[in-house]
Amino acid sequence: VIGNNTIKMGANFQKIRFSVAQPINPHGSYNFNGKFTSNPGQSFTGSGVADFLANEMNYASLSDFFNIQDARWYDAAFVQDNWKTTDKLTLNLGIRYGFFEAPLEKNGDQAYWNIQSITGPGEGTAQFLLPDNQKGRTLAPLFTSDLKKDNIALRYSPHKSLALSQFTNFSPRIGIAYQVTPRTVVRAGFGTFYGGLESIGGAPNPGYNYPFSFTDNFPSPGCANGVCPTNGITLENGFSKAIASGLQNYISTPGLVGGQLHIQTPYTEQYNLSIEHAFTPTMTLTTAYVGNVSRHMQVLTNQNAPVGLVGPNDNSQLDNPFPAFGGAQYDRYKGTGSYNSLQVTLQKHTSRGLYFLATYTWAHAMDDTATPLNGGTHIFRNPNIFPIGSEYANSDWDVKDRFVFSGYYQLPFGRGKAFLNHRGLVNQLAGGWSTDLVFYAMTGNPFTVSPDNAGANGAGARRAILVSNPFSAGGTAPSSNAGTECATSTRNINHWYNPCAFANPLPGSDIPDTQTAANPVGNPIRSPGEALKYVGGARNQLFGPGYERINMSVFKDFPTVHSQYVQFRADIFNLFNTPAFGNPNGGIGSNGGQITGLRSLGAFTPNSRFVQFALKYDF
């Protein structure tokens, strides 16, 4: 403490370790599907059990066993000055620095795929990084030839983490509190907050790359001239031949895990402005604007997706930028988000046994990605055609309006109260009673309406196209889904929205097959404007039903000795037994818009009304 300044400072050092033991298929799997006991060309013939008894296998797979032991440093330091400049003005000034190290595998058992450019089908350039301590490891000739074929340079790095950390995470913080009048205070704040530990779960993890993790596939070849060979594996010998000759010799189209070489730490800029006014010594009203923007959020995309849409019979694998490899998990720090809200709070502090708090929030949250741990890749139509920013729409957790009221009242009866202030039986019956009540109501969460026709080859997520007011009944179905039954009413459990308000994107069958021996990649649709016709519009177009609840409790205290007492309480959840409906089926077909389930309220929380009683002894 120096005069009117109170200075705080500190540092934080954390060595974080986390282990992943998640082998893909270490015991192997065998598949018998009836191929060899069926009549060729005739459906619903053959038996997988019969193939098994005949020891004629269609497909098998086997992966290695691995254990990834990751570690990283998180270090931080801060300094903050709370400066009371005058009797009416206080400033909070601070800055924080954070270092989030890129994860590294303790033994160097990881590899990192980093893209330099993607210019077209089969026209990508990249590098495949391994730590220097892996220079003596033998790589399968099949894998190295695939790298060379797809212009992926094999490199060794002196950085054990392979990806490069960011060192510029400085976070300024400022807060202002000003007393306009003895009953009115204005507050404002701004701060930058870095958060490098995102919810990504076990993937994408560079330890999942070859040669540390891989899966061998053993499919049977196709039939020719009435002869259908098996995959060559028998039950009595299993994978012994493949193991003896080296499992790495059987890898095919392996997946790739990687991301940006230079990591950008995700951060949020938060800001607020509020006015608080005291009407009475116990009653205050606060009105506030609260918002934030998020930048460099982690985005998981398949950057080896086809560079365009192709015909239904074309092989989209040939239109990947790296066609010798399979799907890829690529970590990009390109996601953005925003939140803006108006928040109003009326609070009555406890006096004469009464307390209540009422809050209303109007808010809007938007982003162009989803949390990776919740399957964040599902929102992208095709990351090699459409930029990430084109997915900017309502967040999955967006709630436009929310109102909450909570109150507590201690009844004025019994000993020491305004009425029936007596001892004995009167106090035992009438004294010590109190009750509380919580009411909350909110509008629904957004959801996506999906098309009901077949998609284009090479498309990721596809969505229906909004063409009219979805909450207007009747109308005529668009020509793309002419058989759709229009809703006679909306906002009910049978028809929350009108399916006729949506059109299907163009079916993938409209794209001609153009791949030939002379032109193996064909002529994929690469223009975002043209491809948009086949993948549809925005996600989270509509909002589902809202949610409201009243919970109530009644308490009764029975004094014992000194200040001790026994408390009886009864809690009633969902007092009026109001159902909480979930989002409708987001489709255009026969059940499009129909609500078939209830909102998930969390573990062990029933949807219907329930009551519980309890006794507690306080001593």
Side-chain angles (χ1 to χ4, degrees), residues 20-31 57-68 105 107-115 122 124-131 133-156 162 202-222 229-234 237-259 302-306 315-330 520:
V20 178
Q22 207 168 8
I24 302 166
N25 193 11
H27 294 293
S29 65
Y30 299 146
N31 178 271
M57 193 181 305
N58 176 51
Y59 178 86
S61 64
L62 177 69
S63 69
D64 65 330
F65 182 85
F66 58 90
N67 181 28
I68 304 168
E105 211 285 329
N107 302 306
D109 290 346
Q110 65 177 14
Y112 200 75
W113 175 57
N114 173 245
I115 298 173
T125 58
Q127 56 182 349
F128 191 79
L129 298 174
L130 288 165
N133 70 342
Q134 298 292 332
K135 286 183 177 178
R137 181 182 286 267
T138 301
L139 302 178
L142 179 62
F143 180 76
T144 56
S145 66
D146 282 345
L147 291 179
K148 185 176 181 180
K149 185 194 311 179
D150 279 358
N151 298 314
I152 301 176
L154 179 62
R155 298 282 186 266
Y156 292 90
L162 301 177
N205 191 308
Y208 279 100
N209 271 318
Y210 174 87
F212 312 106
S213 167
F214 58 89
T215 299
D216 295 333
N217 298 317
F218 303 88
S220 63
T230 70
N231 65 350
I233 295 178
T234 59
N237 296 321
F239 297 102
S240 55
K241 180 180 177 181
I243 293 172
S245 59
L247 285 176
Q248 295 190 41
N249 296 315
Y250 292 88
I251 59 171
S252 61
T253 59
L256 294 168
V257 177
N302 178 12
Q303 290 305 127
N304 200 28
N315 183 0
S316 61
Q317 178 77 22
L318 300 177
D319 288 274
N320 291 351
F322 308 96
F325 293 86
Q329 290 185 317
Y330 202 77

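Heavy atoms only: backbone and side chains are in, while hydrogens, waters and symmetry mates are out.
In this structure, Pro323 and Asp150 have side chains that are in contact, with non-hydrogen atoms separated by less than 4.5 Å. Within the 4.5 Å cutoff, side-chain heavy atoms of Leu147 are placed close to those of Phe325.
How far CE of Met57 is from OG1 of Thr230: 8.0 Å, rounded to the nearest 0.5 Å. The structure places CG of Leu247 at 10.5 Å from CD1 of Ile251, a figure rounded to the nearest 0.5 Å. Note that the CD1 atom of Ile243 and the CG atom of Asp64 stand 11.5 Å from one another [nearest 0.5 Å]. How far CG of Leu62 is from OG1 of Thr215: 8.0 Å, rounded to the nearest 0.5 Å. A distance of 13.5 Å separates CZ of Phe212 from CG of Asn67, quoted to the nearest 0.5 Å. For the atom pair CG of Asn320 and CD of Gln303, the computed distance is 11.5 Å after rounding to the nearest 0.5 Å.
With hydrogens and angles left out, the side-chain atoms of Gln134 and Asp109 include a donor and acceptor closer than 3.5 Å. Side-chain atoms of Ser61 and Ser29 include a donor-acceptor pair closer than 3.5 Å. The closest side-chain donor-acceptor pair between Asn217 and Tyr59 falls under 3.5 angstrom. When only modelled atom types and interatomic distance are considered, Ser220 and Asn58 share a side-chain donor-acceptor pair under 3.5 Å. Looking at Ser245 and Tyr250, their side chains do bring a donor and an acceptor atom within 3.5 Å of each other.
Contact detail for Pro131 and Gly108: the closest heavy-atom pair is CG-O, 3.3 Å. Contact detail for Pro254 and Ala324: the closest heavy-atom pair is CD-O, 4.1 Å. Taking all atoms of both residues into account, the shortest heavy-atom contact from Gly124 to Phe322 is C-CE2, 3.4 Å. The shortest heavy-atom contact between Leu256 and Ile152 is CD1-CD1, 4.4 Å. Across every non-hydrogen atom of Leu318 and Pro520, the tightest pair is CD1-O, 3.5 Å.
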### Task
Evaluate the criterion ring-ring contact (aromatic ring centres under 6.0 Å, His included) for residue pair Phe239 and Tyr30; output intermediate values, then yes/no.
CA-CA 10 Å; Phe239 297 102; Tyr30 299 146; 5.4 Å; yes

### Task
Could you give me the CA-CA distance, side-chain angles and deciding distance for Arg155 and Leu130, then say whether side chain to side chain contact (heavy atoms under 4.5 Å, CB included) is met?
CA-CA 6 Å; Arg155 298 282 186 266; Leu130 288 165; over 6 Å; no

### Query
Where do Gln329 and Asn302 land on the side chain to side chain contact (heavy atoms under 4.5 Å, CB included) test, with the steps shown first?
CA-CA 5 Å; Gln329 290 185 317; Asn302 178 12; over 6 Å; no

### Query
What do the steps show when you test Val20 against Tyr208 for side chain to side chain contact (heavy atoms under 4.5 Å, CB included), and what is the final call?
CA-CA 10 Å; Val20 178; Tyr208 279 100; 3.6 Å; yes

### Query
Would Leu154 and Leu139 satisfy side chain to side chain contact (heavy atoms under 4.5 Å, CB included), going step by step from the backbone distance to the final call?
CA-CA 11 Å; Leu154 179 62; Leu139 302 178; 3.8 Å; yes

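For Thr234, the side-chain contact (heavy atoms from CB on, under 4.5 Å) partners are Asn55, Glu236, Asn237, not counting sequence neighbours.
At distances below 3.5 Å, at least one donor-acceptor pair connects side-chain atoms of Glu105 with backbone N or O atoms of Asn107. Asn231 places a side-chain N or O within 3.5 Å of a backbone atom of Phe218 that can act as its donor or acceptor partner. Using modelled atom types, no side-chain atom of Ser213 and backbone atom of Asn209 make a donor-acceptor pair closer than 3.5 Å.
Phe128 pairs with exactly one of Tyr210, Trp113, Phe143 by the ring pair (Phe, Tyr, Trp, His ring centres under 6.0 Å) rule, that one being Phe143.
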